[in-house]
Asker: 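Quick one: the structure is below, questions incoming.
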Amino acid sequence: MAQKGEKKYYAVIGHPVGHSLSPAMQNAAFEACSLNGEYTAIDVAPEDMGAFVARARTSLAGFNITVPNKGAVIPFLDEAEPLAALQGSVNTVINRDGVLYGTSTDGYGLEAALKEAFSLEIRGHSVTFIGCGGVVKALAFHFASAGVKKIFLLNRTFGTAQALCGALQERFPSLECSCAPLGDESSLSGFFGKSDLAVQCTSLGLKESDPPPIRPELLPSGILFFDTIYRRTPLLQYAEEHGIRCANGLGMLLHQGAKSFSLWTGKEAPVEAMRRALYEAFYGNSR
Ligand SMILES: NC(=O)c1ccc[n+]([C@@H]2O[C@H](COP(=O)([O-])OP(=O)(O)OC[C@H]3O[C@@H](n4cnc5c(N)ncnc54)[C@H](OP(=O)(O)O)[C@@H]3O)[C@@H](O)[C@H]2O)c1
């Protein structure tokens with residue numbers, strides 16, 4: 001199909017970034033919408049961010065940011081959506097005639113994935129996050145602003161969980177928020193008992209040989225379990241084998257990317273074309 005207009009360039013930046021599924025997904029979206037766009041993966045180390053952003057200002061119409069750059073990019077932007085600036089995590093930059101505006105679509109991505117997988121509207125529900133890295137900062141602030149009732153945080157480095165819990169309570173005084181170290185199984189069971197949803201957000205499970213971040217047997221049968229990792233982690237496997245409703249992170253990746261596409265182009269994202277390309281790139285078929 002003929003493509004319209006002058007070619008525009010987009011990218012995802014990370015370090016490393018060669019494994020990213022986003023180019024397949026975004027290029028499928030440009031093609032499905034007959035837009036003259038090209039999306040590539042660019043390896044940018046955090047210390048090279050200033051030089052990259054200076055180049056991007058004149059060469060890219062927009063870009064995504066992945067690990068470990070979601071916080072590192074913020075000082076180089078002209079403007080950031082207030083909640084994204086507060087949570088210190090930007091995954092989408094829009095180039096508005098040389099003015100670089102940053103925002104985060106990760107929270108939207110998870111919210112949309114939960115609706116799709118579990119028909120779950122997060123407002124009024126309670127959620128436990130396992131892990132407390134960059135992505136949880138974005139997700140917890142998004143969920144709190146979307147009306148989640150209680151947020152429980154578990155993290156190996158307890159101080160990180162305490163700091164995020166404090167920041168959330170300061171910004172959302174009516175939110176109930178508690179935290180505990182990852183190894184504190186008594187608090188963990190208490191949190192799970194009060195949660196509708198558990199979201200696995202540690203990087204444990206990215207490698208085949210990784211152990212689960214918690215004992216899988218601690219997942220209660222009635223909880224919804226979402227793993228932000230795409231592959232079948234030990235926790236996801238346990239949930240599947242024990243009849244716990246669960247989903248992997250591909251839906252979140254899809255919907256955060258769809259939102260970025262809409263922000264860049266002003267068009268409704270062709271979600272099904274993006275999903276097909278994503279599954280093709282990940283599973284080797286469109287399922
Ligand atoms: N599906 C999606 O669209 C999507 C989007 C973004 C991220 N993700 C996934 O989310 C995960 C986290 O990303 P991030 O950006 O938050 O990364 P990050 O900032 O590096 O945080 C990593 C998290 O994992 C924990 N962790 C690492 N190694 C651990 C270990 N050996 N034992 C226990 N905890 C450990 C860290 O705990 P400490 O604080 O103690 O170090 C921290 O909570 C990754 O797996 C990523 O693939 C998925």
Side-chain angles (χ1 to χ4, degrees), residues 12-26 46 64-74 84 87-92 104-114 116-117 128-143 152-165 179-185 188 198-216 218 225-236 246-261 271 274-275 278-279 281-282:
V12 55
I13 61 163
H15 186 65
V17 76
H19 62 282
S20 175
L21 300 169
S22 292
M25 175 171 73
Q26 296 292 356
N64 285 131
I65 302 98
T66 186
V67 180
N69 292 330
K70 288 183 186 181
V73 73
I74 295 176
Q87 72 209 12
S89 178
V90 157
N91 82 335
T92 304
S104 176
T105 66
D106 279 332
Y108 168 86
L110 178 57
E111 193 181 346
L114 293 172
E116 202 169 75
T128 296
F129 289 105
I130 307 165
C132 218
V135 77
V136 175
K137 287 187 189 139
L139 298 176
F141 272 94
H142 178 87
F143 275 33
F152 303 109
L153 302 169
L154 295 159
N155 201 41
R156 176 180 63 175
T157 308
F158 184 44
T160 313
Q162 284 176 306
L164 179 56
C165 201
C179 59
L182 195 56
D184 176 354
E185 292 196 347
L188 189 155
V199 187
Q200 195 302 106
C201 299
T202 74
S203 38
L204 278 181
L206 285 173
K207 284 185 269 148
E208 180 93 46
S209 56
D210 281 343
I214 59 164
R215 274 196 304 127
L218 294 169
F225 176 68
F226 190 94
D227 203 316
T228 58
I229 291 178
Y230 318 139
R231 57 180 300 280
R232 197 167 182 242
T233 65
L235 274 186
L236 192 65
C246 57
N248 72 18
L250 278 180
M252 177 177 164
L253 179 70
L254 169 68
H255 290 289
Q256 62 79 32
K259 182 79 174 173
S260 297
F261 178 88
V271 173
M274 295 174 85
R275 191 193 311 271
L278 188 58
Y279 285 3
F282 186 71

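When a ligand or atom number is given, it counts from 1 through the structure's own listing order. All values reported here derive from a predicted model rather than from experimental measurement.
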Asker: Are any of the N/O atoms in Ser203 less than 3.5 Å from those in ligand 1?
Answerer: yes

Asker: Can you pull out the closest protein heavy atom to atom 13 (O) of ligand 1? Residue, atom name and distance to 0.1 Å, please.
Answerer: Val135 CG1, 3.9 Å

Asker: Give me the residue, atom name and distance of the protein heavy atom closest to atom 12 (C) of ligand 1.
Answerer: Cys201 O, 3.1 Å

Asker: Under 4.0 Å from a heavy atom of Leu253: give me the atoms of ligand 1 that qualify, with their elements.
Answerer: 3 (O)

Asker: For ligand 1, find out whether one of its N or O atoms is nearer than 3.5 Å to an N or O atom of Thr228.
Answerer: yes

Asker: Is any heavy atom of the protein nearer than 4.0 Å to atom 20 (O) of ligand 1?
Answerer: no

Asker: Where the closest heavy atom to atom 42 (C) of ligand 1 is concerned, which of Gly71, Gly159, Gly133 has it?
Answerer: Gly133

Asker: Is the closest basic N to carboxylate O distance between Lys259 and Glu111 below 4.0 Å?
Answerer: no

Asker: Can you check whether Val67 has an N/O within less than 3.5 Å of an N/O in ligand 1?
Answerer: no

Asker: Using side-chain contact (heavy atoms from CB on, under 4.5 Å), reason through Tyr230 and Leu278 one step at a time and then give a plain yes or no.
Answerer: CA-CA 11 Å; Tyr230 318 139; Leu278 188 58; over 6 Å; no

Asker: Number the atoms of ligand 1 from 1 as they appear, then name those within less than 4.0 Å of a heavy atom of Lys70, with their elements.
Answerer: 6 (C)

Asker: When you measure from atom 39 (O) of ligand 1 to every protein heavy atom, which one gives the shortest distance, and what is it?
Answerer: Asn155 ND2, 2.9 Å

Asker: Rounded to the nearest 0.5 Å, what separates atom OG in Ser104 from atom CZ in Phe141?
Answerer: 11.5 Å

Asker: side-chain contact (heavy atoms from CB on, under 4.5 Å), that's the test. Do Asn248 and Arg232 meet it? Break it down for me.
Answerer: CA-CA 7 Å; Asn248 72 18; Arg232 197 167 182 242; over 6 Å; no

Asker: Under a 4.0 angstrom heavy-atom cut-off, which atoms of ligand 1 come close to Gly131?
Answerer: 43 (O)

Asker: Given His255, Met252, Gln200, which has its nearest heavy atom closest to atom 4 (C) of ligand 1?
Answerer: Met252

Asker: Checking the side chain of Thr233 only, and the main-chain atoms of Leu236 only, is there a donor and an acceptor separated by less than 3.5 Å?
Answerer: yes

Asker: Can you name the atoms of ligand 1, numbered from 1 with element, that are less than 4.0 Å from a heavy atom of Ile229?
Answerer: 45 (O)

Asker: Tell me which protein heavy atom sits closest to atom 25 (C) of ligand 1, plus the residue, atom name and distance to 0.1 Å.
Answerer: Thr202 CB, 3.8 Å

Asker: Atoms of ligand 1 less than 4.0 Å from Cys132 heavy atoms?
Answerer: 43 (O)

Asker: Between Asp106 and His142, is there a side-chain heavy-atom distance shorter than 4.5 Å?
Answerer: no

Asker: Run Lys70 and Lys137 through side-chain contact (heavy atoms from CB on, under 4.5 Å) and show every step you take.
Answerer: CA-CA 11 Å; Lys70 288 183 186 181; Lys137 287 187 189 139; over 6 Å; no

Asker: I'd like to check whether Leu204 has a polar contact with ligand 1, where a contact means an N/O of the residue lying under 3.5 Å from an N/O of the ligand.
Answerer: no

Asker: Got an N/O contact under 3.5 Å between Thr157 and ligand 1?
Answerer: yes

Asker: Looking at atom 46 (C) of ligand 1, is any protein heavy atom nearer than 4.0 Å to it?
Answerer: no

Asker: Measure the CZ-CD1 distance between Arg156 and Ile130 for me, rounded to the nearest 0.5 Å.
Answerer: 14.5 Å

Asker: By the definition side chain to side chain contact (heavy atoms under 4.5 Å, CB included), identify the one residue from Leu204, Thr202, Leu182 that meets it with Ile214.
Answerer: Leu182

Asker: Do Leu139 and Met252 come close enough that some side-chain heavy atom pair is under 4.5 Å?
Answerer: yes

Asker: Got an N/O contact under 3.5 Å between Arg156 and ligand 1?
Answerer: yes

Asker: Verify, without hydrogens or angle tests, whether Asn91 (side chain) and Asn64 (backbone) share a donor-acceptor contact under 3.5 angstrom.
Answerer: no

Asker: In sequence, state the C-alpha distance, the side-chain angles, and the governing distance for Leu253 and Ser22, and then conclude on side-chain contact (heavy atoms from CB on, under 4.5 Å).
Answerer: CA-CA 8 Å; Leu253 179 70; Ser22 292; 4.2 Å; yes

Asker: Which atoms of ligand 1 are found less than 4.0 Å from any heavy atom of Leu182?
Answerer: 33 (C)

